[in-house]
Structure formats: structure tokens, C-alpha cells
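Because the structure is a prediction, the values reported are computed rather than measured. Computed over heavy atoms, backbone and side chain alike; hydrogens, waters and symmetry mates excluded.
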Amino acid sequence: MFIIRFNSEYSFKDFIRDSVIGVLIALVSIPISMGYAEVSGLPAVYGLYGSFLPILFYGFFTTSKRFVLGVDAAPAALTGALLVSLGITFGSKEAISLVPLITLLTSFWLFLFFILGFERFLKFISQSVMEGFITGIGLTIILMQAPKLFGGTAGTGEVIELILHIWKELCSVFNFTSLVLGLGTVIILLVFKKFFPKIPMQPVLMILGAFLTYAFNLERFGVKTLPSVEKALPPFAIPDFTVINGNVRTVILSSFTIAVVILSETLLASTNQALKNGEKLNARREILAYAAGNAVSAFSASCPVNGSVSRSAIASQYGVKSQVMSVTASFSMLFILLFGTPFIKFLPVPVLTGIVIAALCGTLEFKLAYNLHKVDKSEFFIFCAALFAVLFLGTIYGVVVGVILASVTFIIRQAKPFSAFLGFSPGVEGFHSLQRKSPKSYPLKGVLLYRFSGPLFYANIEQFVSELEREIKKDTRIVIVDSSGIGNVDVTACNRLLLLYKKLKSKNIKFYLASHVSAVNDELRTLGAATLIEEGAVRSSISGALKAEGFTEPYELENIENITVSTYTKDLAEFEWAFGIDAESRMDKMASELAEQMALTGIVEAKSIIRNECYWSDVDEETFLDLLEKHLARMQENGRLVENKTLEEKIALLHAHVEEKLLTDNKDALKAAVKERLLRDKIFKEKHPKAFEKIVIERERLFGEIAMNHPELAKTLAEIISELEAE
């Protein structure tokens, strides 16, 4: 429970600001909560009831300083979906009686989650499941509400039924004035959210809509408005359990699902917000706050309440610092209920619907889906499965399908973790995957290095053994497993490790586990594989295992030509390590953007290029300058850039500066950079022959200057080019 203390961290000025933000949140909540109340099956005014006491109780119980509770999308949609499945008409007496009972049961589940410490189980619901689920709910509600934009009625059911309903309403009750109001509201809100996020347009549009109704009598144009609401406090009462009739199992299961969604969505969002602001939540206390808020909502005859991401974002934009905001918002809503309800009858339904749909657009996580598709196809599949399960099967099935898929994916990932065979790159610290382009690694002669990144247990030990045995050659003398990623082993894995060790030993091949935590050794001893420890088959490091067999630097490597050992720098591979397969395209994009900037300004500063990227080595800078040179040449060829000798000279001097550093510190890296440049030259010459001719002429002209100012560099470059051309 918060207590106001005015000090250096929270002043009277902060108190005034939080109070004003609370009034703003109450105004924003009017259209949003009324719209979601209708989605849940209640009359619109019940959304105001759910925005009075629940937010006040939440403010007293929560440990979050900034999050807002209220009538919101996900629980409203789940409640409405339950009414549809039971065949209950929205806004009917039966709905008004049943929804508060659903809210009370939801509160009961949340109290039970609090007692059981359910926050510990939240980690088993992945973000891809939850965001796919919420996106599905958001799309479902948008499709439900869409007909109200043009004068129709809200739809029910799953996606196909909703689309058919939209078409039917379009053909029968389409009203152009309503569509202009509704669609205009959506567009205005989305535009202002993108370009003017600090302007709260929801109450502005709500007031504007009411004014238009009052001034021009929009109803005569066929525009629907909300029914009039009497000035009154919420009808406080204990929910009636007799209304469940024969649907006990369905209602209990649905309320459980609503509670899980409230818990996971709100706790995830509020935790993320707290982390962004350097704060820490008491997760268990938060569940109690959700339970208290829903209990009060039930006795206020309203629907389940949830954390509102959209309203919390508005509060954060204006710099809220405490739950004084929630207290002020609660009393502001009380004032509206007692004195402000007459204006509700002037609210146009299309405007209210547009506000709800615009708010729902913020719940659609298609950007996350796009990112998942690029980096993790399995997570993308889970997202889509949860999304389509909600759309085609319903909300409850969406959760079930998503959780099942997430569990299966977790098991599959543990059963097949990342693994790689390693090699050594001369002069680069450590051992690196043979599949990486940079640094170029080479196998050690007679040694098989293998990295396994995951717990070793019954489901993946066969992968471990088969991958190793498949790569063992006739000349393999030592097998070393980089087990730094193995945190534990089970009895099945221990037995198979022991069998593998004995099998290799019979073939005079030494086997080592290296770099794992000491707890793994404890498990090996306990589970019957103590022989590995007693006979020295575990080592604290890979280099220690190699040293035990007489291997020391410089290591004898396979398939290595024209490379002098111990000349590569440690940071040579940083850029490729950081950006992976996107490294080359990222560097090329940066060169293109800088070329565009130079074309506009005609200015280039060394500081804007050299060390422009924190991961760059000298070789990366050399590559970048080469790409920049080619982009400028192509722009000159296309007439987009006037020939500029000053730019060309500056780039050439920067080239010389980097190449001289490479010559001093890393001659082999210089040779590798020149070799890559020649390959790029070949490709560029084929695509842009005229531009390439200009580059050659300019290089020859400037090479003479380099020879005068940097004779040793010029001589070395000439020798390197001759060697590479002769290869």
C-alpha cells in the first residue's frame, strides 16, 4: 500500500502532476472502458463502473508505480466469447447477472494463484504464445466491432462467422456517415499515436463526437448513439450463483482461462515497464492486486479487469511517478458517474468503436511475428499457431494450443541443442566454430574438438554420441568436448559417456570433457561415471586437455595455406561475430547511407568513418572504405554525384592510414583485406565496368602519392597484389 511522502525523490510538484495524469487517465478510460464493456456483453455504462473502485483498490495493493488497471481487451473478449458459446444475448438481464459472477470466479482463481505462488509458473508461457494469443484476440474483437463503424451490429463467433457477418451488414445496413466518423476516428488516433504520441486524442474525439451529435443531430443521418445513462453509483451486490444453471464446468474453465490471461499479460507488461524505469516489482503482491481489483469489480456488477498497456503507456509518456494517478483517476470517474453521465447519450457509436479499434491495433504484434520469422522459425510457428487457434477455434483453444506447442518446442530444443565442431584461428584467442567465416578456423591435426550447448540427458545423448562418432577419422588421436554449456547430466547420459570413453580408449583415442562447471563432476561421481574423473578424462579447460597430450601453441593445423601463425589480431572477427550473416549487408548499407550523405553535402570527415562502429577492427574499416568507394563511383556513373577529387583523395588517405596500421601490426590481415578487395573488384567490374575504370584511374594516380609519403606501404601493397594475382 502506497504512502505519500514528499522528499527529494517525490515532491509536491510530482504529486500535482500525477493527479493531473489521473484525471487524463479517467477521461481516456471513458470511451475505452465503455467499448470493452460492450465487448464483454454488458451495457456500455458498466465499463465506467469497472473504472471506479477496481482501479482504486489496485492502486493500494500494487507495487508498480506506473501501471494502470481497467476494463481492457483480452478479458472482455474472453467474457464475451463465453456468453456467445452459452447463447446469451449481449446486454440482456442474463448477461448482466452472469458477467459479475464470471468476474468473481476470476478473482477467486487469482487469489488461489497468489496463495500457490503461481508467478513461478508464468515462465512456462512463452512470449510468442502470449503475443500470438493476444494478437488473435485483438483481431477477433476488431472483426466483432467492425460492423459498428458503418452502422451495423457487433458480430459473434470465430473468424469465418465474423467475416460473413461483416459482409451481411455491409449489404443491409451500411451508413456512409457512420463510416466516415468511425474510420476517421481510427485514422486520426493512429496518426497522432505515431507523430504526436503525447496528445491524448481519445477524450478529444469523444467530446468532438458528442458535440457533433448535439449540434447536428447525427441520429437523423442514421448514426447510432449510446443510450442515456442515469446518474448513479455502481449497483453494489453479491453476484448470483444461480444464474450458472447447467453451465458450471464451462463457466469455471472460462474464468480460469481469463485469470491466466490477466495474470500473464498484466504481469509481463508491468514487469517490462518496471525494468525500463529501473524499478522492481513484487510479482506475488501484484497477483494479489489483480485479485483485489477483480473482486471489487465483481461486487460493482462489472466485467473482469486487466492491466491496460495503452493507458499505462499514456501515463508513462507524461512522466507519472506514483499510484496517486490511480486514486485521482478513481475519484474522477466517481465525479463522472455522479455528474457527467448526461453527455453519454450524445456519444456516437462509430466514434466509440473507432477508439476501441485504434486501441486494439496497439495489441497486434505483427512486428514481433516478422522478427521471429527472421530469427526463430519455431517461435514464429508457435505465434501463428496460437493466433490462428484463437481466430478459428476460439480463445480457450488458443491458449491450449499455444502452451502445448511451446512445451513441445522446449522439449525439442533441449533434445537437440546447438552443437559445433571447433578449430583454431592463428593469433585469435580461444577455439571457434569451423562453420564461421570470421575468424577462419582450422582443425587441429589429430584432434576432434566438439562443443555441446545444453544439458546432457536421455533425449539428446544419442545426438551427442552419433555426431562425435561420425566425425572421428583414422588419424584422430584425441576427442575433446567443450562442455562449458553442459550444466547437468542424467544417469542415462552418464552411462553412455562411460561407454563412449571405453570404446574410444580401446581404439587408443583419448577422450576429454573440458571447461564444465564442477557440479557436473559431482553428478558424474554420483551417477556411476567416476572413472572419467579418476582416469583424468575431465579438464578445467580445452587448452589444459591439449597440454595433457603434448599439444601447445603454435598448434599444428589442417588445411592451412599461406598463413603465418600468430599474426591475426584478437578483434579481427568482432563485426562478423556480432552481426552474423547480416554483417556484410549491414556494412554495405552503412556505406550506402554515408555515400548518400556525402552526395548531398560534399563533406566527409575521418571521424564519421574511422571507428564508426564499435565492433570494427582495422580490416573491417578497410572493407568499409572499399565499399564506400564503390558506392560513390556508382553514384557518379548514374549522374547522382558530381566528380569530387577532394572526396576521393580523403578516402584514399584514409585507406592509406588503415593499411599502414595493418602493415605495422598485422601484415597477414592486410594481405587478407587486399585479397577480399580484389574479389570485390572483380564483381564490381562485371556489374559496373565504367565506374570501375574511374576507380582504377584514381587509384593509379593516388598510388604515386602513397609511394612518396608511405614508401614501405606502397612496396608491400605491390608485392601482395603480385602474389595474389599469381595464385
Side-chain angles (χ1 to χ4, degrees), residues 419-436 438-453 456 461 464-486 489 493-494 496-525 529-570 572-573 666-669:
S419 61
F421 290 93
L422 311 179
F424 184 77
S425 183
V428 181
E429 184 179 340
F431 300 88
H432 306 274
S433 172
L434 297 172
Q435 297 176 341
R436 297 288 285 187
S438 176
K440 178 64 176 175
S441 297
Y442 302 89
L444 279 69
K445 283 191 176 180
V447 180
L448 185 63
L449 290 176
Y450 177 65
R451 175 180 291 150
F452 193 82
S453 303
L456 201 55
I461 187 62
F464 177 93
V465 173
S466 61
E467 286 185 347
L468 274 177
E469 291 183 336
R470 188 168 57 246
E471 294 297 319
I472 292 175
K473 302 174 183 176
K474 291 183 179 179
D475 62 344
T476 301
R477 292 169 45 203
I478 309 168
V479 173
I480 301 175
V481 177
D482 176 1
S483 49
S484 56
I486 301 176
V489 293
C494 281
R496 291 290 281 117
L497 283 174
L498 197 56
L499 289 173
L500 177 64
Y501 170 72
K502 292 177 179 179
K503 181 178 179 180
L504 294 178
K505 185 177 180 181
S506 68
K507 297 180 179 180
N508 294 319
I509 298 175
K510 289 296 186 73
F511 175 80
Y512 288 96
L513 292 172
S515 303
H516 50 267
V517 294
S518 60
V520 171
N521 292 331
D522 297 335
E523 291 178 333
L524 291 173
R525 286 194 300 270
T531 302
L532 295 174
I533 301 168
E534 294 165 357
E535 296 188 6
V538 298
R539 297 284 170 166
S540 61
S541 66
I542 295 176
S543 57
L546 288 169
K547 190 174 181 181
E549 296 300 319
F551 284 76
T552 56
E553 291 192 56
Y555 301 119
E556 189 177 2
L557 306 176
E558 296 179 0
N559 306 323
I560 186 165
E561 298 176 359
N562 301 320
I563 298 292
T564 304
V565 175
S566 77
T567 55
Y568 278 82
T569 57
K570 181 179 179 181
L572 181 61
N666 201 339
K667 184 177 177 181
D668 291 298

field: Salt-bridge present (Lys445, Glu558; N to O < 4.0 Å)
entry: no
- prompt: Between Arg477 and Glu549, is the closest basic N to carboxylate O distance under 4.0 Å?
  reply: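 A salt bridge is absent here (no side-chain N lies under 4.0 Å from a carboxylate O).
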pair [X]-[Y]: side-chain heavy atoms closer than 4.5 Å:
| X | Y | answer |
| --- | --- | --- |
| Leu449 | Asp482 | no |
| Ile533 | Arg525 | yes |
| Ile509 | Val479 | yes |
| Leu434 | Tyr442 | no |
| Tyr501 | Glu535 | yes |

- request: Test Ser515 against Ile542 for side chain to side chain contact (heavy atoms under 4.5 Å, CB included), laying out the working first.
  value: CA-CA 7 Å; Ser515 303; Ile542 295 176; 4.1 Å; yes
task: Could you please spell out the steps behind the side chain to side chain contact (heavy atoms under 4.5 Å, CB included) verdict for Leu557 and Phe424?
output: CA-CA 8 Å; Leu557 306 176; Phe424 184 77; 4.0 Å; yes
What are the two closest heavy atoms between [X] and [Y], and how far apart are they?
| X | Y | value |
| --- | --- | --- |
| Ser543 | Phe431 | N-CE1, 4.4 Å |
| Leu456 | Ala493 | O-CB, 3.4 Å |
| Ser433 | Ala420 | OG-CB, 4.0 Å |

- request: Start with the C-alpha distance between Val447 and Phe551, add both sets of side-chain angles, then the distance that settles side chain to side chain contact (heavy atoms under 4.5 Å, CB included), and finish with yes or no.
  value: CA-CA 10 Å; Val447 180; Phe551 284 76; 3.7 Å; yes
Would you give the length of the straight line joining atom [atom1] of [X] to atom [atom2] of [Y], rounded to the nearest 0.5 angstrom?
| X | Y | atom1 | atom2 | answer |
| --- | --- | --- | --- | --- |
| Leu448 | Ile472 | CG | CD1 | 6.5 Å |
| Lys502 | Thr531 | NZ | OG1 | 6.0 Å |
| Asn521 | Leu532 | CG | CG | 9.5 Å |
| Leu500 | Lys505 | CG | NZ | 13.5 Å |
| Leu504 | Glu469 | CG | CD | 7.0 Å |
| Phe511 | Leu498 | CZ | CG | 10.0 Å |

- request: Please assess Val465 against Leu499 for the test side chain to side chain contact (heavy atoms under 4.5 Å, CB included), listing each intermediate value before the final yes or no.
  value: CA-CA 10 Å; Val465 173; Leu499 289 173; over 6 Å; no
task: State whether the side chain of Ser483 and the backbone N or O of Ile486 hold a donor-acceptor pair below 3.5 Å, judged by distance alone.
output: no
- prompt: Listed by chain and number, what are the side chain to side chain donor-acceptor pair (under 3.5 Å) partners of Lys547, not counting sequence neighbours?
  reply: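 Here no residue qualifies.
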query: For Ser419, which residues count as a side-chain contact (heavy atoms from CB on, under 4.5 Å) partner, sequence neighbours excluded?
result: Tyr450, Phe452, Gln463, Glu467
